[in-house]
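Here the structure is laid out as C-alpha cells; the discussion comes afterwards.
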Amino acid sequence: MKKLQNIILYTLLLLHFPVFYTSNNISELSMSAFIELLGITFVIGFIIIITISIILRVIKKPINPIIVLIGIFLFFSYGIFYQGLIDDESHVRHVILLPIFAMVFLVALKYSPKSTKKTTQIIFSMLIILMMSDLFTFFSEYEYESAGEYWNFSEDFDNMELENFPSIIWIIPDEYPSYDSLQVMTSYDNSNFINNLTDMGFEIKDMRSNYDFSAYSIPSTMNMEYITKTDKHFDVGKEMSNSRLVKLLQSSNYELTHINGEGGYHLDNFDNNLCDHNIILRNANYFDTNMVLPILIFTQPLYVNIVYDHVRNVECHFEELREVKNINSEQKFVLAHVLLPHRPHLMEDEGGSLKKRGNDHLRNPEEGLIGNIEIVNQKLIESLPIIIENNPNTIILIMSDHGFRYDPDADFQKATEFQKFRYDNFVAIYLPNNFELENNVNSNINIFRSIFQNASENIPILEDRFFHVCYTEIKEFYDFENYTLGSKKLFKDNCLIN
C-alpha cells in the first residue's frame, strides 16, 4: 500500500512539469508533442527515482518518498531558477548553480522528515492543488491564444481549385546566398553550378527573402502573407503545418511529404515525415526549464552522434530526394529542408563520405561556407537529373530561406558590412510546359502566389517588404542600396539596432 502511495505521489509531481510547461507554451500543444514530453519526463523521472533509491541504500537509509520528491523537483525546476537568476548585469553559470542544487539535495538527504500518513496527505493535497493550478492556467491561456492571430489572411485564395495542377517539390538549402552576394562576401564564383542548373532547364530568379530568419521566412512563404505580429508562442513547425499552402494542397488531396534534413521540427499535418528529427533540438525549450540542458552541455561529445547525427541527416535528405518518384503525375508536394550551407561546416574524407570540420566557423567562416556550398552544389547536380526524370509535370523549386548571416563574433566589421546580404537568397525554378512566373516576383512571399496564378489569374502579387526579427519584435528593414552603419552598434544579441 505504501509503495502504491509513493508511486501516486511521484506520478503527480512528474505530471506537473510537462503540463505546467505546455500551459505556458500553448503554441507547442499537439497530442504527439505532449505525449513525447510525457515520455521524456517519466523516463527521466524513473532514472531519478532509481538513482536516489540506490544512494539511500548505499548510505543505509530507508527509502523516503520525501527525498525522492525533492530530488525530482530540484531536477525539473533547475532551469526555471537558472533563467530567473540571469539578466543583463549578472551572469550565473551552471558551474555555480549546480553545486548549490547539489548542496540542497545533500541537506535533504540528511534532514528530511520521515514519511508519515500526515505528511503524505499534506504532500498529496499540495500536488493536487498544483495540478489544478496548471489546468486552470492551461485553459485560460488556451482561450486567449486561440483568439490571437499572427496572420491577416486575405480572400485571394478562396474557392481556388487545383484540379490537374502539377506536383511541387520545394528544396530549401538553408542560408544559401545569391550569386552576387556570395561573390561580394567571399569572391567565390558560383557560375559553374548556375550553368549546370540552366542546362537542366532551371530559371535563376533574382529575389530576396522577406525575413532574415528561417522561423519567419518559411512560414510567411507558406502562408503567402506577411506576419502581423509575433510573440513567445510563435512556433515554426506549427505555423508551417497549418499554413495556407498546406491547407490549399490538402483540400485538393495532395500527398504531403517532409524530408527533414534540418532536424528541428516535425510537421504534424504532413502524410510523410522522412529522415531523423533531433529530439533534443525539438524539445530544447522544455529542456531549458530543467537540468537536462547543463547535462547536455557537459556531455555533448558523448551524445552528439548518438541522439542526432547531423551528417547522417544531410545524407538521408539527398537519398530521399532521389527516391521521390511520381511517374503517374499524381498530385504531391515535397518540402525538403536541409541544414546546408548553414553551419556546422562539413567536408568530404578521402572515401567521399561527409564528416564535420569541427568548430571552425569563427576561425574561417568564409572557408566553411564555401565548403558547404560546394557540397550542396555537388549533391544537387547529382540528384536533380534523377528527380526531373522521375517526376514529370512537376514544379521543382530550389529556394533558400534567407541569405548568409555573417557571424559578428567571427568578424564584426564584415558582419556589419554584409548585413544587407542576409536577405539575398538563392532561387531557381523548373517549370512544366505552359507554366510561367510573373516577372515582377522579387521576394519569397510571392513565389507561390505567382505559381498559383497559373490556376487563378485573380491572385495579386504583394508589395515587397523586408523585416528583421529580434525575438518577439519585428522591425522593417528599408534601405538595401544605401545602407550605412552610422554611429550605432548594429548587433546586440543577434538583434538589429535601429
Side-chain angles (χ1 to χ4, degrees), residues 3 5-25 28 33-59 61-86 92-113 115 119-120 122-124 126-131 133-134 137 279-300 302-304 306-307:
K3 284 186 177 180
Q5 288 178 347
N6 293 345
I7 291 172
I8 292 172
L9 294 177
Y10 302 155
T11 301
L12 284 173
L13 182 57
L14 288 171
L15 275 173
H16 158 71
F17 297 103
V19 174
F20 173 79
Y21 172 79
T22 306
S23 68
N24 288 278
N25 296 272
E28 299 182 26
F34 184 69
I35 290 173
E36 185 171 90
L37 283 186
L38 282 178
I40 291 169
T41 303
F42 275 87
V43 167
I44 295 173
F46 178 76
I47 294 171
I48 293 171
I49 293 168
I50 295 298
T51 302
I52 294 175
S53 299
I54 292 172
I55 291 172
L56 290 173
R57 288 186 180 179
V58 168
I59 63 175
K61 291 193 70 170
I63 303 297
N64 187 344
I66 295 176
I67 296 175
V68 176
L69 291 169
I70 290 172
I72 293 172
F73 177 81
L74 289 172
F75 186 94
F76 282 100
S77 61
Y78 171 86
I80 297 173
F81 283 96
Y82 180 80
Q83 293 169 25
L85 291 170
I86 294 179
V92 177
R93 302 297 180 206
H94 293 297
V95 291
I96 298 172
L97 196 58
L98 282 171
I100 294 174
F101 268 59
M103 288 297 297
V104 172
F105 180 69
L106 291 175
V107 171
L109 275 178
K110 186 170 180 63
Y111 297 107
S112 289
S115 177
T119 57
T120 300
I122 292 172
I123 293 171
F124 179 79
M126 291 171 63
L127 292 174
I128 291 295
I129 293 171
L130 196 62
M131 285 299 300
S133 174
D134 292 338
T137 303
I279 191 172
I280 291 174
L281 184 57
R282 190 166 69 247
N283 294 289
N285 291 336
Y286 180 58
F287 292 149
D288 203 30
T289 65
N290 51 55
M291 207 175 286
V292 173
L293 182 62
I295 291 175
L296 293 178
I297 291 172
F298 294 131
T299 62
Q300 184 179 9
L302 298 177
Y303 79 81
V304 67
I306 299 174
V307 178

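Taking each heavy atom of Leu56 and Pro62 in turn, the nearest pair found is CD1-O, 3.9 Å. Here the shortest heavy-atom pairing between Ile66 and Pro113 reads CD1-O, 3.4 Å. Nearest approach of Ile48 to Ile72, heavy atoms of both residues: CG2-CG1, 4.0 Å. Closest approach of Phe81 to Leu97, counting heavy atoms only: C-CD2, 4.5 Å. Across every non-hydrogen atom of Leu38 and Pro18, the tightest pair is CD2-CG, 3.7 Å. Nearest heavy atom pair, residue Leu74 against residue Met291, reads O-CE, 3.8 Å.
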- Give the C-alpha distance, both sets of side-chain angles, the deciding distance and a yes or no for side-chain contact (heavy atoms from CB on, under 4.5 Å) between Phe20 and Leu130. CA-CA 9 Å; Phe20 173 79; Leu130 196 62; over 6 Å; no
- Should Thr11 and Phe42 be marked as a side-chain contact (heavy atoms from CB on, under 4.5 Å) after you check the CA-CA gap, both sets of side-chain angles, and the distance that decides it? CA-CA 8 Å; Thr11 301; Phe42 275 87; 4.0 Å; yes
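To the nearest 0.5 Å, atom CG of residue Asn6 and atom CD1 of residue Ile49 are 9.5 Å apart. Atom CG in Leu127 sits 9.0 Å away from atom NE2 in His16 (nearest 0.5 Å). Atom OG1 of Thr51 and atom CZ of Phe46 lie 9.5 Å apart (nearest 0.5 Å). Taken from CD1 in Ile128 to CD1 in Ile123, the straight-line distance is 13.0 Å, to the nearest 0.5 Å. Summarising the geometry, atom CZ belonging to Phe75 is positioned 12.0 Å from atom CZ belonging to Phe105; distances are rounded to the nearest 0.5 Å. Distance CG/Leu69 to CG/Leu14: 8.5 Å, rounded to 0.5 Å.
Using a 4.5 Å heavy-atom threshold, the side chains of Phe17 and Thr289 count as separate. Proximity of Met131 to Val19: side-chain heavy atoms (C-beta onward) are separated by under 4.5 Å at one or more points. For the pair Phe34/Tyr21, no side-chain contact is recorded, criterion being any heavy-atom separation below 4.5 Å from C-beta on.
In this structure a side-chain-to-backbone donor-acceptor pair under 3.5 Å is present from Ser77 to Phe73.
Ring orientation note: the planes of Tyr78 and Phe101 are nearly perpendicular, at an angle over 60° on the 30°/60° scale. Relative orientation of the Tyr286 and Phe76 rings is tilted, given thresholds of 30° and 60° on the angle between their planes.
Evaluation of the side-chain contact (heavy atoms from CB on, under 4.5 Å) rule for Ile8 yields Leu4, Leu12, Phe124 as partners, not counting sequence neighbours.
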